Every structure is written in structure tokens, then in C-alpha cells.
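Predicted model, so just to flag it, every value in this text is computed and none were measured. Proteins get letters first, then strands, A, B, ... in listed order; numbering begins at 1 in each.
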Amino acid sequence: MVFADTTRRETTIFAATINNNRITLAEMSISDQIRMASKNTLEKLYSLSIDESNIQINETKPEFEGDYTLVLFSFLKHLKKSPDQLGREIGDELVANNPNLLSGFNIIKGFLNLTVNDSYWIDFLQVNYADPGFGKKKSSGKKVMVEYSSPNTNKPLHLGHLRNNFLGLSIAEILRANGAGVTKTCIVNDRGIHICKSMLAWQKYANGATPQSTGIKGDHFVGDYYVRFENDLKIQAQPIIDRIKRNELSGFEGNELSDLKKWLTALQRETNKEKIEKLNDEIKEIARNHTAIMAEAKQMLRNWEAGDKEVVELWEKMNGWVYDGFAITYNRIGSDFDKIYYESNTYLLGKDIVKEGLDKGVFYKKEDGSVWIDLTADGLDEKLVMRRDGTSVYITQDIGLAEQKFNEYKPSESIYVVGDEQNYHFKVLKLIAEKIKIPGAEGIYHLSYGMVELPTGRMKSREGTVVDADDLIDEMVSIAGRHTEELGKVKDFNESELKELYDTIGLGALKFFLLRVDPKKRMIFNPEESIDFHGFTGPFVQYTHARIKSILRKENAVSSRFPTAIGTAVSSLLKLEKGLIVKLEQYTAIVEQAAIEHNPSVLAIYAFELAKTFNTFYTEHSVMNAESEEKKQLRLQLCEMTANVIASAMGLLGIKVPERM
RNA sequence: GGUCCGGUAGCUCAGCUGAAUAGAGCAGCUGCCUUCUAAGCAGCAGGUCAUUGGUUUGAAUCCAAUCCGGAUCACCA
């Protein structure tokens, strides 16, 4: 490619002037070309130098004639001309200098509406229609790490994990499509008090039961014992809470004792409902920590850390069950990882970091031996990085892991797909990493996403209001099956074909539903709405794809060589034909935008709009019975390219598209 | 209390690096299957873009204040 290593800006100038070179043109979006041409025109006519980011090119509103609109208002103050006169001068110059690109213009108020040559759109279609990789970039050599999913091994995955997994998978695909080499990773939280809870309950109640002996999926099996533990804990905590409330505080000492006294007196005076609830929660927390069963769990954790053979064996056995269960779910939703980190291996990381930070004077030691960093100058708080007993905390482990990731993979960007309740954590993580100059610190990016809530409110595992991932997927798939059966369009499918189709549709619906919303926003998961397969949904887009494929299949049966080049035989486009090409042309920019914003929802919205645009075209114009053979070929190309782009866009969301449905 | 995020149609969401009458989907109401898949298409109805002030030729979009909702500020992870 001649201009391959020129800058974007330089390429643009070539494209705007040498516009009979189609290959070069394909390198840049049409709106960017118009933007650059406008910039050049302003310079040439008025010696006015305006940064391209200040030149507004919008899609022309459907009620006006034209394809793209140059907004003139901002130039008016620099040039003392009427909008009409200015528009005419710019329009004439633009069209004269870019005869292949632009065919005409009109001016309404301060808007210069430009019409792109039909032959230009047709050329664009000719060049790209058969390319399944349209919109994607070649490898740039950039390396990115995406950490996502990161489950706990004490309970099965739920709806929140699904949003995380879908986001992680999608962002990995999106970055790959933009030329990055992507390593998908996951940090498994396989150690800690929560695991011990499940282990302890299993010891007490299972009588040697296993997932195999009970037929229960491993992660659910272990999760059931976690719930069992929590129930016992609740029962044991209640009398202690009652005792505290009666002001019987024997057995408490130190900070706990003084805190309890403080809260109890505060409770007597407090009238604010929320504050009362908060105080009660604090008391409950202390009571929970004073139960016999909690003491057992803590002892178990100590034993685990000491390497107690029996505990470690049990831990390995139960984690193994959970991994077996997760594997099934991951396989079903398409999650996979190039590298898995286990917290049991990384939780000691960070010790060196602490030493390094102390040496560099970034950290400081308090009298009790604990180590801190003062972030008040950055508008944050003081943050503990090492406990007084010398063990590292979450943030320190994470810095250690960040360093390890960089050492192993050297990514220029390291993305963490983690819920927005940890915004503060990642802000601190990046800041500390930068302060102690961990390599790759600047590349840390927290892809923060909002909580998934139910119409009834927040999901709480303690209250049993979580939506289980496996249940939800089963439900979606079975609804997809029922729906498909009712429509009766695939009666000739065999059993495995049907199963695959139901999975594709059910999972497609679920993924699309969770990805169509801006990640950073909290979202409400309404089960009734999520199983709707009409409108702005995955199945709608999938259906459009299947519809197109049906046309192509039928045409293929008649003629084996289609679509053929149409050359110059077709020189003008109907409105809906052009509208579809315009939409297709924007795909490249959308793929780029999704990566820049780390936001798959722009692709979901685009895929829906494209499908909608196609369906409108489809009902108005026949492909098979087009007005002429040339038109038919053009429309077949349109069909093929639309199918390709739909499949590609959905692929970037991690969603499959069926050939028939 | 500090910090951060959000408040757009009955509901769920786009639009937020300012620009032409604020867009979708769902729900409601009308039409359209003898022609390439009706999981579709066309249309009707539905809005003081939380409130108030400011900047601007122009504000849902930028700024300030206020109100409402959420997250977070652990020697938990």
C-alpha cells in the first residue's frame, strides 16, 4: 500500500484529491474525507485554518436532500458572509474539486447538505461486499491484556458475572478487530475465608456426598454448602446480637468493645432509619465474628495457610468440583482464557512492592509496623498497603499481579473488567503503580460496569434474590426452543441442529440484552423484557441475517456464480439502496469507536440499526425479481455485504448468527 | 460528610467533544402475509430532556447551585 505509513492526516489529503484511487479511498471513512476536503477548501478560499475536530460533519437528516451535512455556523464569525453565500462558495469548490465523491449540494439555513455521488457508493460496495473482514484492521503489533470473569470458588455464577463475562469477551474481540494482540486472563479467587465456609459446612453436613453421588453440578454443589454455612452463622449470631442489645458486653474487648458502646449509645438517640440500619449492621458484623462457627472457619483458614495436609486436600477437592462446574458454564457462554492466575499463588505477591515503595519513599511505616501510602495530595485518602502482621492486602496483591502480568506479557494496555463498586480501588491501584513506577502502569484501564439489578431491587446473595447464571441460560434457551417450534420454520432440522439453533438464539438474546446498554450504567434486568425476541434484540438481528442467507441460498441454487461485477451498468441508486450502503460504510468507524470507548453497546446499537435498515429495504424492493439483471446483482451484493457486516458486528459481541431460524 | 456515577416518553434505553421539528424498542391503537423467512414492515399516539440560574448566534449536551437515586471512602477480597 503506497500510503500505508503516512499519517492519517496525510492520507486524507491524498484521498481528497486523488479520488480515482479506490483502494486509498477505502482507507478512510466518507465523512472524514468530506471533513478533510472542507478543511482544505476553507484554507484555499479564505486562508482560514480550522482544526479538523472543529469541522462538524453530520449525517443529513432524512427530511432534507443530501447524505452528509457541513455545519457552517462556526465559520460565520470568522468570515463576514451570509450563511447562504458561504455555503454556495464552499459547496461549489467542494464539488468542483471532488467530482467523483460529490455530485451536488443544497443550503438550508446554516447547513450545507452534500450529496455523495451514487457511483461512489456503488464503487464502495463493489470493493467491499465480499470481504467478511470488512471493518477490521490488520495487526498493529499492539499487545493488550483483558482480565475478566474472575470468579470466587465458593458459589456458582450469577447474572452479574454474566454481564462481566460478556463484556470481557466482547471487548477482547473488539480490540482484536482493531489490530491488537489480545491475551484474555482471569484471576480466580480460590482462597480465603469464603472458601473455608463451604469446606466447613461440607465437613459437618455432607457425610461424604459429592457432585457425582448427588448429580448436582459442582459449583452449585459447593455453593449449597456455603449457603448452609451462612444459615448456621445467622442462627448463631442472633443470640449474640440480642445479648449486645441488652448491653451485656462481656467477652468483647479493645476496639470492638469501645465501638459497641459507641454504637449502642448512638442507637438510643438515632431516629434516622438508614443510620439505625447501618448501626445494626455494624453490630451484626461483630456478632457474626464472635460465633463458634466463624471461629472454626477462621481456624481452618489458618490451617490452610500453614499447609495443613487434610485442609489443603479438601480445598483442592472442593475447588476441583467448582472448576468442573464452571467449565460447563464457560463452555456454554463461550468464555475462555489464555492465562489463569490463581489467588492462592498470587496472594503473597506485593511483599517486594512494599519494600520497593519504602525504599523509594512512596510508602511509610507507622509505629505498629503497618505500611501506608498517603494519597491525600491526589484527592484520595491514606491507604494501607501492608498489615501490621506483615501480610499484604488486596491492593498490594493487585499491584504485584499487575507487575507480573507486565513481566509475562508486556501489554501496552491492561484492562480490568470489574464492577464499578471497585472504582476507588482501581483508581488507587493505578496511582500507586505509577508512583512506584511499575512498568506498564500507564496502561492500566479499569473497564467499570454498573450493577445488574432486578425490577424488585438489588440482588443480594444473603437474601436469595440472585439470578443464577445456569438457570437463566437454560430458561432463555428453552424459550428460544418453544418460540422456534411455534413458528415451525425449521421442521427439517435434526436434533443436534435444533439444539445448536436454540443455544444460538437463547444466548444471543441474553448477550445482546446485557451488552446493548452502556457498560458504565447500572441496568435493570427485567426477565420479561429479556425474553422478548422482537425489536431491539439479538434474535431480531439474527433473524435478519437468516433472512438474507435465505435469499443468497436460493440465488445460489439457480446460478453458481453470483454476485457478478456490475461495472458501470448501474449508475444510480434508489433511496433505500443508498441508505443501506451508507449504513454499511459506517461500520469501520463504529468498530473503531467501540474500541476507543471500550464500549460494546455501540456495536449492538449499530447492528440493530443495520438490520432495521435492511428490513425496510427488503420489504420495499425485491432482490430476485429486480427491475433488471444489473439491479439484481447490485442487490445481491448489498445482501451479501449486509450479512457479512451483521455477522461481523455480532461476532464482536460474542454472538453467533444462524443461517436459518 | 468527601469523592465518583446517574436522573431523557408509562417502562427499558440511545443521543452528552453544542446546531435543523429530541430518537429507538417494549407496552397501547391502525393497517400489511396468492410475490425472496410477518422473530418482519408501514403508521398513530406518547416529552416543561430532575429543578433553577449562567455561557453562547444556538444548550438534553458546557458551567454553577439545588433536589432525588446509587456506589465508595475496611488491617474484607
Peer 1: Classify A:Q56 by what it touches in the nucleic acid, base, sugar-phosphate, or nothing, heavy-atom distance under 4.0 Å.
Peer 2: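 Base: the residue A:Q56, judged by heavy atoms under 4.0 Å, touches a nucleobase.
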Peer 1: Does the side chain of A:R387 get closer than 4.0 angstrom to OP1 or OP2 of B:C76 through an N or O atom?
Peer 2: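 So the side chain of A:R387 is within the cut-off, an N or O lying under 4.0 Å from OP1 or OP2 of B:C76.
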Peer 1: Output the rounded distance in Å from CG (A:D518) to C1' (B:G23).
Peer 2: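 Answer to the nearest Å: 17 Å.
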Peer 1: CD1 of A:I395 versus C1' of B:A77: gap in Å, rounded?
Peer 2: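 It works out to 11 Å between those atoms.
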Peer 1: If you look only at pairs with a residue in residues 478-488 of chain A, which of them pass as a salt bridge (charged side-chain N to carboxylate O under 4.0 Å, His left out), with sequence neighbours excluded?
Peer 2: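 For residues 478-488 of chain A: none.
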Peer 1: Starting at atom CD of A:E529, determine the distance to atom P of B:G10, rounded to an integer number of angstrom.
Peer 2: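 That distance rounds to 15 Å.
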Peer 1: Measure CD1/A:I193 against C1'/B:A74 and give the value in whole Å, please.
Peer 2: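 Rounded to whole Å, this separation is 16 Å.
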Peer 1: With respect to the phosphate group of B:U37, does any side-chain polar atom (N or O) of A:S550 fall under 4.0 Å of OP1 or OP2?
Peer 2: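 A:S550 to B:U37 OP1/OP2: side-chain N or O found under 4.0 Å.
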Peer 1: At under 4.0 Å, does any side-chain N or O of A:K521 touch on OP1 or OP2 of B:G70?
Peer 2: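 Checking A:K521 against B:G70: no side-chain N or O falls below 4.0 Å of OP1 or OP2.
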Peer 1: For B:C41, does either OP1 or OP2 sit under 4.0 Å from a side-chain N or O belonging to A:K612?
Peer 2: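 The answer is yes; a side-chain N or O of A:K612 sits under 4.0 Å from OP1 or OP2.
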Peer 1: Taking 5.5 Å and 30° as the limits, would you call A:F73 and the base of B:A19 a stacked pair?
Peer 2: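 Aromatic stack with B:A19 present for A:F73.
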Peer 1: According to a strict under-4.0 Å criterion, is A:H534 in side-chain N/O contact with OP1 or OP2 of B:C26?
Peer 2: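 No, outside the criterion.
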Peer 1: Whole angstroms only, please: what is the CZ-C1' distance between A:F617 and B:A42?
Peer 2: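 Between C1' of B:A42 and CZ of A:F617: 17 Å.
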Peer 1: Is a side-chain donor-acceptor pair under 3.5 Å present for A:D84 with A:S82?
Peer 2: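 On atom types as modelled, these side chains do not qualify, holding no pair under 3.5 Å.
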Peer 1: Applying a 3.5 Å limit to both distances, which nucleotide forms a Watson-Crick or G-U wobble pair with B:G10?
Peer 2: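 Pair assignment: B:G10 / B:C26.
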Peer 1: When you compare B:U56 with B:C11, how far apart are their C1' atoms, in angstrom units rounded to a whole number?
Peer 2: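 So the two C1' atoms sit 36 Å from each other.
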Peer 1: Would you indicate, yes or no, if B:A38 has its OP1 or OP2 atom less than 4.0 angstrom from a side-chain nitrogen or oxygen of A:R547?
Peer 2: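 Yes, within the criterion.
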Peer 1: So, does A:S370 use its side chain to make a donor-acceptor pair with the main chain of A:K366 at under 3.5 Å?
Peer 2: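 Side chain of A:S370 to backbone of A:K366: no pair is present.
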Peer 1: Check whether any side-chain heavy atom of A:W315 lies under 4.5 Å from a side-chain heavy atom of A:I195, and answer yes or no.
Peer 2: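 Answer yes - side chains close enough.
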Peer 1: Nearest-Å distance, NZ (A:K61) to C1' (B:G15)?
Peer 2: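 In whole Å, B:G15 C1' and A:K61 NZ are 10 Å from each other.
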Peer 1: Looking at B:U35, B:A20, B:U57, which one has an atom nearest to any side-chain atom of A:N625?
Peer 2: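 The nucleotide sitting nearest to the side chain is B:U35.
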Peer 1: Nearest of B:C41, B:A19, B:U21 to any side-chain atom of A:V71?
Peer 2: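 Nearest to the side-chain atoms of A:V71, counting from C-beta on, is B:A19.
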Peer 1: Of the nucleotides B:C41, B:C73, B:C75, which has the atom closest to the A:D381 side chain?
Peer 2: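 Nearest to the side chain of A:D381 among the choices is B:C73.
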Peer 1: With a 3.5 Å limit on both atom pairs, tell me what B:G47 is paired to, counting Watson-Crick and G-U wobble, or say none.
Peer 2: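 Here B:G47 is not engaged in any pair, so there is no nucleotide opposite it.
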Peer 1: Whole Å only: how far is the CG atom of A:L384 from the P atom of B:A74?
Peer 2: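 Between P of B:A74 and CG of A:L384: 10 Å.
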Peer 1: Paired with B:C32 by Watson-Crick or G-U wobble geometry, both distances under 3.5 Å: which nucleotide is it?
Peer 2: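 In the structure as shown, B:C32 has B:G40 as its Watson-Crick or wobble partner.
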Peer 1: So, does A:S392 use its side chain to make a donor-acceptor pair with the main chain of A:Y347 at under 3.5 Å?
Peer 2: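 Yes.
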Peer 1: If we call it a pair only when both distances are under 3.5 Å in a Watson-Crick or G-U wobble match, what pairs with B:A64?
Peer 2: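 Here B:A64 is engaged in a pair, and the nucleotide opposite it is B:U52.
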Peer 1: Checking the side chain of A:H78 only, and the main-chain atoms of A:F75 only, is there a donor and an acceptor separated by less than 3.5 Å?
Peer 2: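 No, the answer is negative, given that no donor and acceptor are paired below the 3.5 Å cut-off.
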Peer 1: Is any side-chain N or O of A:T69 under 3.5 Å from a base N or O of B:A20, one able to act as donor and the other as acceptor?
Peer 2: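 Indeed, a donor on one side and an acceptor on the other fall under 3.5 Å apart.
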Peer 1: Reckon A:F608 touches a base, only the sugar-phosphate, or nothing at all at heavy-atom distances under 4.0 Å?
Peer 2: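 Result for A:F608 = sugar-phosphate.
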Peer 1: Who does B:U3 pair with, Watson-Crick or G-U, both distances under 3.5 Å?
Peer 2: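 Result: B:A71.
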Peer 1: Using the C1' atom in both, what is the distance from B:C16 to B:C75, to the nearest Å?
Peer 2: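 Result for the C1' pair: 42 Å, nearest Å.
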Peer 1: By the salt bridge (charged side-chain N to carboxylate O under 4.0 Å, His left out) test, which pairs, at least two apart or in different chains, include something from residues 65-77 of chain A?
Peer 2: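 For residues 65-77 of chain A: A:D67-A:K578.
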Peer 1: Over how many whole Å does the gap from A:Y449 atom OH to B:C4 atom P extend?
Peer 2: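 Between P of B:C4 and OH of A:Y449: 23 Å.
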Peer 1: Counting side-chain heavy atoms from CB outward, which of B:C36, B:A20, B:A77 is closest to A:R191?
Peer 2: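 Comparing B:C36, B:A20, B:A77 against the side chain of A:R191, the answer is B:A77.
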Peer 1: Heavy atoms only, 4.0 Å cut-off, all strands: where does A:T616 land among base, sugar-phosphate and nothing?
Peer 2: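 Sugar-phosphate, no base atom in range.
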Peer 1: Are the ring of A:F64 and the base ring of B:A20 both nearer than 5.5 Å at their centres and tilted by less than 30°?
Peer 2: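 Taking the rule of under 5.5 Å and under 30°, the ring of A:F64 does stack on B:A20.
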Peer 1: Quick one: which of B:A14, B:G25, B:C36 gets closest to the side chain of A:V517?
Peer 2: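 Closest nucleotide to the A:V517 side chain: B:A14.
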Peer 1: With a 3.5 Å cut-off and heavy atoms only, can you find an N or O donor on one side and an acceptor on the other between the side chain of A:D368 and the base of B:C75?
Peer 2: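 Such a pair is found, so the answer is yes.
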Peer 1: Could you tell me which nucleotide pairs with B:U17 by Watson-Crick or G-U wobble geometry, both distances under 3.5 Å, or answer none if nothing does?
Peer 2: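 The base-pairing partner of B:U17, which may sit in any strand shown, does not exist here.
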Peer 1: For atom C1', what is the distance between B:G54 and B:A59, given to the nearest Å?
Peer 2: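 Roughly 11 Å separates the two C1' atoms.
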Peer 1: Determine: side-chain N/O of A:N615 to OP1/OP2 of B:G40, distance under 4.0 Å, yes or no.
Peer 2: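 False: A:N615 side-chain N/O out of range (4.0 Å or more) of B:G40 OP1/OP2.
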Peer 1: If the glycosidic angle sits within 90 degrees of zero it is syn, else anti. Tell me which applies to B:C29.
Peer 2: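 Anti.
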Peer 1: Please check the phosphate of B:U57 (OP1 and OP2 only) for any side-chain N or O of A:K109 closer than 4.0 Å.
Peer 2: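 Indeed not, no polar side-chain atom of A:K109 lies that close.
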Peer 1: Can you confirm whether A:I505 sits close enough to A:F533 that some side-chain heavy atom of one is under 4.5 Å from a side-chain heavy atom of the other?
Peer 2: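 Yes - at least one pair of side-chain heavy atoms lies under 4.5 Å apart.
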Peer 1: So, do A:F536 and B:A24 meet the stacking rule of ring centres under 5.5 Å and planes under 30°?
Peer 2: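 Aromatic stack with B:A24 absent for A:F536.
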Peer 1: Taking only side-chain nitrogens and oxygens of A:K554, does any of them come within less than 4.0 Å of OP1 or OP2 of B:U37?
Peer 2: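 It does, given that an N or O in the side chain of A:K554 lies less than 4.0 Å from OP1 or OP2 of B:U37.
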